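All chains are named by letter (A, B, ...) in the order of the sequence lines, taking the proteins before the strands, and each is independently numbered beginning at 1. Not measured: the values here are computed from a predicted model.
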Amino acid sequence: MRFSKMFIPTLREAPADAEAISHILMLRAGYVRQLAAGLYIFLPLGWRVLNKIDAILKEEMESIGAQEISMPILHPAEIWQQTGRWDMIGGEMFRLKDRTDRDFCLGMTHEEIMTWLASREIRSYRDLPQVWYQIQTKLRDEARPKSGILRTREFIMKDSYSFDADDAGLDKNYELHAEAYHRIFSRCGLRFMQVESDPGMMGGGYSHEFMAPSPAGEDEIALCDHCGYSANVELALSTPLASETPDWPCEEVHTPDKRTVKEVSNFMKLQPSNFLKSILVISEQGPVLALVRGDQELHEKKLAKVIGSHRPAQKIEVKEILGVEAGFIGPVGREIRMIADHSLKQGAFVSGANKQHYHIKGIRAEKDFTAEWHDIHIAKAGDLCSSCSTPLRVERVIEIGNIFKLGTKYSSALKAVFLDENGQEKPIIMGSYGIGPARIAAAAIEQNFDKDGIIWPKSIAPFDVELIPLNMNDPKTVETAEALYRELRLEKIDVLMDDREERAGVKFKDADLIGIPTQIVLGEKTLKEGLVEIKDRKTKEMVKVKVEEVIAHLKATP
RNA sequence: CGGGGCGUAGCGCAGUUUGGUAGCGCGCACGGUUCGGGACCGUGAGGUCGGAGGUUCAAAUCCUCUCGCCCCGACCA
């Protein structure tokens with residue numbers, strides 16, 4: 001492509017409402033434009049990147065036997081009603097009616113529709129397994145679109161679905177996808193890891209996420225460098241370091257107006273880990289007291305797995321239900337249902353005394369209070385790995401892909417069944433597997449940039465090479481550039497030639513911003529010696545090469 | 001959905017406190033000089049001051065309502 005003909009609107013200054021690096025750079029380098037909150041236009045450069053990623057996705061999907069199809073994004077409500085998700089999902093689903101008042105929604109994902117297809121077409125175990133995939137638009141009315149392209153309301157996803165006759169088949173397809181995903185993200189030049197994850201609204205029991213470390217990410221994962229344990233902090237298990245607990249006698253302490261763990265621990269000159277924190281929540285079955293150690297945070301999702309959905313109690317409710325002001329509540333002498341974190345099992349702690357302006361010191365599990373024991377704290381850096389007791393690291397990450405074992409949740413609901421070898425009717429066993437190409441692109445930028453702009457991994461760069469003839473008024477420069485341009489294209493090397501009548505400085509700045517991995521600079525003086533400069537965008541290293549040897553040189557440096 | 005911030009030329013911003021009829025830098029167009037890291041000089045185009053209503057002789061500026069965008073949190077296949 002010729003730069004002069006291609007629409008690449010670069011910006012010297014970043015629009016004020018962009019914050020994430022990938023967002024700023026994609027805007028500045030002319031890859032995307034924002035239409036509205038969470039809606040992005042991909043400009044020619046941006047679309048080329050997505051196409052490169054898609055090509056890798058297709059290759060790797062085909063390599064594990066997945067077959068590409070394409071599904072509508074407008075879905076009749078009935079199918080979503082049959083699986084229950086029409087009612088389960090709230091405002092995140094775009095809903096609409098057709099002219100005859102029939103309910104529809106815009107697809108957030110395609111489990112329902114894929115399963116519907118399977119239910120109509122698959123009869124026998126002989127038809128299985130099947131793996132179908134598509135690269136298709138999804139729509140979700142996100143509560144909070146953010147970080148440019150990272151969290152949008154409309155986005156493209158590669159989603160695949162496996163259909164098997166038995167669990168072994170599902171395990172196989174799950175494993176094949178995990179392997180394909182490793183190849184995909186490696187080929188895209190990302191640093192990433194596979195972690196255990198919470199299946200969430202997908203249902204089913206078993207899932208992993210693929211995470212690319214980046215400060216721009218929205219998720220956090222806990223990692224053990226020793227045994228390799230890694231999980232989203234949403235479900236990561238950990239053992240908080242044991243706290244030093246002197247063998248206090250049980251006694252009340254006057255703590256006037258000291259309510260928070262911080263206030264009381266400063267007042268009593270103790271560590272937060274010497275405290276027992278009591279949090280009142282309201283569940284559907286009534287109030288529940290959640291107990292965690294003072295230096296830990298309550299994990300609402302973990303708690304929800306024990307007591308179901310719940311909300312924190314308001315200050316007035318605490319007073320009404322427990323008869324004492326928040327800040328002085330504790331487990332001692334309470335009849336209420338209590339869920340306590342494992343870290344409180346051993347040792348003596350300080351908690352609220354259930355008496356205004358008093359705390360109680362030296363309370364012990366089982367002796368002074370009883371509770372149901374669960375892991376309900378948020379894993380944090382420094383906690384010990386629950387399997388090998390090594391301190392955990394916590395890292396911020398971008399979710400770039402996920403894989404789920406769905407089981408029969410959707411096939412049962414939609415009657416996607418087959419007859420097995422014995423003529424028995426059984427629900428198909430399913431898995432679903434997603435990758436967000438735009439997130440791959442954003443993560444690649446977040447992981448590869450410098451002060452001058454983007455540094456694309458070669459595999460997903462919009463072009464392989466940028467040809468930069470500096471002086472378009474010099475016939476020799478233009479002639480050589482045109483010749484090289486032709487030659488590169490004959491060699492199937494994607495080349496962008498900056499043939500604009502611009503000053504050298506502008507071309508250099510734009511080239512660095514856009515981030516094509518290799519730059520070939522044609523300067524008037526070096527050209528007189530028959531040389532051009534080949535420059536690496538990432539390392540800034542430059543070598544002078546004879547014009548005739550450019551192709552050979554490019555081929556020699558992968 | 002809760003909290004905070006911001007809407008003035010294509011982009012970045014000033015002007016709003018104290019009401020007097022809109023300005024700077026970049027970009028854009030034209031002419032000239034320049035030409036290996038976002039050139040310089042000159043001329044010029046471009047604005048419903050997010051929108052609606054109100055107060056006032058007069059509103060970008062004050063009041064009310066409303067829309068949009070960003071950030072934090074809640075939420076999140």
Side-chain angles (χ1 to χ4, degrees), chain A residues 9-20 23-24 27-28 30 33-39 80 83 85 88-93 105-114 136 138-148 150-153 155 157-161 197-204 207 209 216 218-219 232 234 300-301 304 309 311-312 314 399 401-404 406 409-410 432-436 439 451-453 468-474 477 498 500-513 519 521-527 532-533 535 540 542:
Chain A
T10 59
L11 259 27
R12 186 180 288 208
E13 285 175 293
D17 51 12
E19 190 128 316
H23 190 197
I24 291 172
L27 287 169
R28 281 196 57 209
R33 285 296 182 261
Q34 182 175 19
L35 174 65
L39 297 175
W80 285 79
T83 62
R85 285 162 117 193
M88 285 284 292
I89 296 169
E92 209 184 344
M93 181 185 275
C105 65
L106 300 180
M108 318 175 47
T109 175
H110 281 80
E111 280 77 17
E112 273 77 1
I113 312 305
M114 287 278 179
Q136 182 61 283
K138 313 287 177 198
L139 292 116
R140 293 181 195 169
D141 196 357
E142 289 286 350
R144 180 144 105 84
K146 57 182 282 200
S147 305
L150 276 176
R151 186 165 209 83
T152 55
R153 295 192 291 178
F155 57 97
M157 185 163 117
K158 187 291 299 173
D159 49 327
S160 35
Y161 304 82
S197 76
D198 181 357
M201 89 169 188
M202 296 295 303
S207 67
E209 289 167 326
E218 301 180 88
D219 289 289
N232 196 310
E234 285 179 0
E300 304 208 353
K301 282 190 179 164
S309 69
R311 60 174 176 82
Q314 292 161 1
E399 181 187 348
N402 52 33
I403 52 180
F404 294 94
L406 298 175
K409 176 178 157 131
Y410 297 91
S432 89
Y433 317 88
I435 287 182
R439 283 193 171 183
K451 65 173 175 35
D452 296 313
I468 310 177
L470 293 181
N471 182 359
M472 295 300 291
N473 294 319
D474 174 45
T477 301
D498 193 346
R500 296 174 302 169
E501 299 274 355
E502 283 288 355
R503 298 169 61 84
V506 172
K507 295 191 179 188
F508 287 135
K509 287 290 182 191
D510 275 345
D512 287 349
L513 225 206
Q519 303 172 358
V521 179
L522 309 196
E524 214 174 325
K525 290 194 194 94
T526 39
L527 218 44
V532 300
E533 295 164 7
K535 196 163 141 192
K540 307 250 172 178
M542 185 265 281

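Side chains of Glu92(A) and Glu142(A) form a contact here, defined as non-hydrogen atoms less than 4.5 Å apart. You'll find the side chain of Tyr161(A) reaches within 4.5 Å of the side chain of Thr109(A), heavy atoms only. A heavy-atom distance below 4.5 Å is not found between the side chains of Asn232(A) and Glu399(A).
With P as the reference atom, rC13(B) and rU18(B) are 25 Å apart, rounded to whole Å. Here, rU8(B) and rC35(B) have their C1' atoms 37 Å apart, quoted to the whole Å. If you take atom P in rG42(B) and the same atom in rU17(B), they sit 35 Å apart, rounded to whole Å. Taking atom C1' on both nucleotides, rC11(B) is separated from rG7(B) by 15 Å, rounded to a whole Å. Distance check on atom P: rC41(B) versus rC24(B) gives 15 Å, rounded to whole Å. If you take atom P in rC1(B) and the same atom in rA58(B), they sit 38 Å apart, rounded to whole Å. Comparing the P positions of rG54(B) and rG73(B) gives an interatomic distance of 42 Å, to the nearest angstrom. Spacing of P atoms, rG27(B) relative to rC40(B), comes out at 8 Å, to the nearest Å.
Across every non-hydrogen atom of Gly38(A) and Thr152(A), the tightest pair is O-CB, 3.3 Å.
Within 4.0 Å of Asp159(A), counting heavy atoms only, lies no atom of the nucleic acid at all. Asp512(A) comes within contact range of at least one nucleobase, with a heavy-atom separation under 4.0 Å. Among the protein residues, Thr477(A) comes within range of no part of the nucleic acid, since none of its heavy atoms lies under 4.0 Å from any strand. As judged by a 4.0 angstrom heavy-atom cut-off over every strand, Phe155(A) is placed among the base-contacting residues. Residue Glu533(A) is classed as a base contact, given a heavy-atom separation below 4.0 Å to a base. Contact annotation for Arg33(A): no contact, since no heavy-atom pair falls under 4.0 Å across all strands.
Cation-pi geometry between Lys409(A) and Phe404(A) is not satisfied (NZ or CZ under 6.0 Å from the ring centre, within 45° of the ring normal).
Look at rC24(B): its Watson-Crick or wobble partner, with both distances under 3.5 angstrom, is rG12(B). The nucleotide rG31(B) finds its pairing partner in rC41(B), both defining distances of the Watson-Crick or G-U wobble pair being shorter than 3.5 Å. In this structure, rG73(B) forms a base pair with rC1(B), meeting either the Watson-Crick or the G-U wobble geometry with both donor-acceptor distances under 3.5 Å. Checking rC6(B) for Watson-Crick or G-U wobble geometry (two distances, each under 3.5 Å) identifies rG68(B) as its partner. When both distances must be under 3.5 Å, the Watson-Crick or G-U wobble mate of rG53(B) is rC63(B). Under the Watson-Crick and G-U wobble criteria, each requiring two contacts below 3.5 Å, nucleotide rA58(B) is left unpaired.
Partners of Tyr433(A) according to the ring-ring contact (aromatic ring centres under 6.0 Å, His included) rule, which considers only residues two or more places apart in sequence or in another chain, are His177(A).
As rounded to whole Å, 15 Å separates atom P of rC69(B) from atom CG of Leu27(A). Per the geometry, CG belonging to Asp510(A) stands 11 Å off P belonging to rA39(B), to the nearest Å. Glu19(A) has its CD atom 18 Å from the P atom of rG4(B), to the nearest Å. Atom CG in Leu513(A) sits roughly 19 Å away from atom P in rC26(B) (whole-Å rounding). As rounded to whole Å, 14 Å separates atom P of rG36(B) from atom CD of Glu502(A). In this structure, Asp452(A) atom CG and rG37(B) atom P are separated by 14 Å, rounded to whole Å. Remark: P of rC35(B) and CG of Leu470(A) are 14 Å apart, rounded to the nearest angstrom. Atom CG in Leu35(A) sits about 13 Å away from atom P in rG68(B), given to the nearest Å.
Residue Asn471(A) places no side-chain atom within donor-acceptor reach of the base of rG36(B), judged by atom type and a 3.5 Å distance cut-off alone. Checked by distance alone, Arg12(A) brings no side-chain donor or acceptor within 3.5 Å of a matching partner on the base of rG37(B).
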Review point. Given Arg500(A) and Asp510(A), is the side-chain contact (heavy atoms from CB on, under 4.5 Å) satisfied, shown in steps?
Key: CA-CA 11 Å; Arg500(A) 296 174 302 169; Asp510(A) 275 345; 3.0 Å; yes

**Study point:** Derivation of the side-chain contact (heavy atoms from CB on, under 4.5 Å) call for Arg153(A) and Asp141(A)
**Key:** CA-CA 5 Å; Arg153(A) 295 192 291 178; Asp141(A) 196 357; 3.6 Å; yes

Review point. Yes or no on side-chain contact (heavy atoms from CB on, under 4.5 Å) for Leu150(A) and Glu218(A), after CA distance, side-chain angles and deciding distance?
Key: CA-CA 9 Å; Leu150(A) 276 176; Glu218(A) 301 180 88; 5.5 Å; no

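Proximity of a side-chain donor or acceptor of Tyr410(A) to a complementary backbone N or O of Met114(A) within less than 3.5 Å is not detected. No donor-acceptor distance shorter than 3.5 angstrom exists from the side chain of Lys138(A) to the backbone of Met157(A), with no hydrogens or angles considered.
Of the candidate nucleotides rC72(B), rG38(B), rG36(B), rC72(B) has the atom nearest to the side chain of Arg144(A). Side chain of Lys146(A), nearest nucleotide from rC69(B), rG38(B), rC72(B): rC72(B).
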Identify each atom pair where a protein N or O and an N or O of nucleotides 5-16 of chain B are less than 3.5 Å apart, giving names and distance.
{"residue": "rG12(B)", "atom": "OP1", "partner": "Ala16(A)", "partner atom": "N", "Å": "2.5"}
{"residue": "rG12(B)", "atom": "O2'", "partner": "Glu13(A)", "partner atom": "OE2", "Å": "3.4"}

All N/O pairs under 3.5 Å across the protein-nucleotides 30-34 of chain B interface:
{"residue": "rU34(B)", "atom": "O2", "partner": "Arg503(A)", "partner atom": "NH1", "Å": "2.7"}

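Comparing Gly148(A) and Asp219(A), the nucleotide of RNA chain B nearest to each residue sits closer to the 5' end for Gly148(A). When each of Thr10(A) and Gln34(A) is assigned the nucleotide of RNA chain B with its nearest heavy atom, Thr10(A) is the one assigned upstream, toward the 5' end.
Remark: Glu111(A) engages Arg85(A) in a salt bridge, criterion side-chain N to carboxylate O under 4.0 Å.
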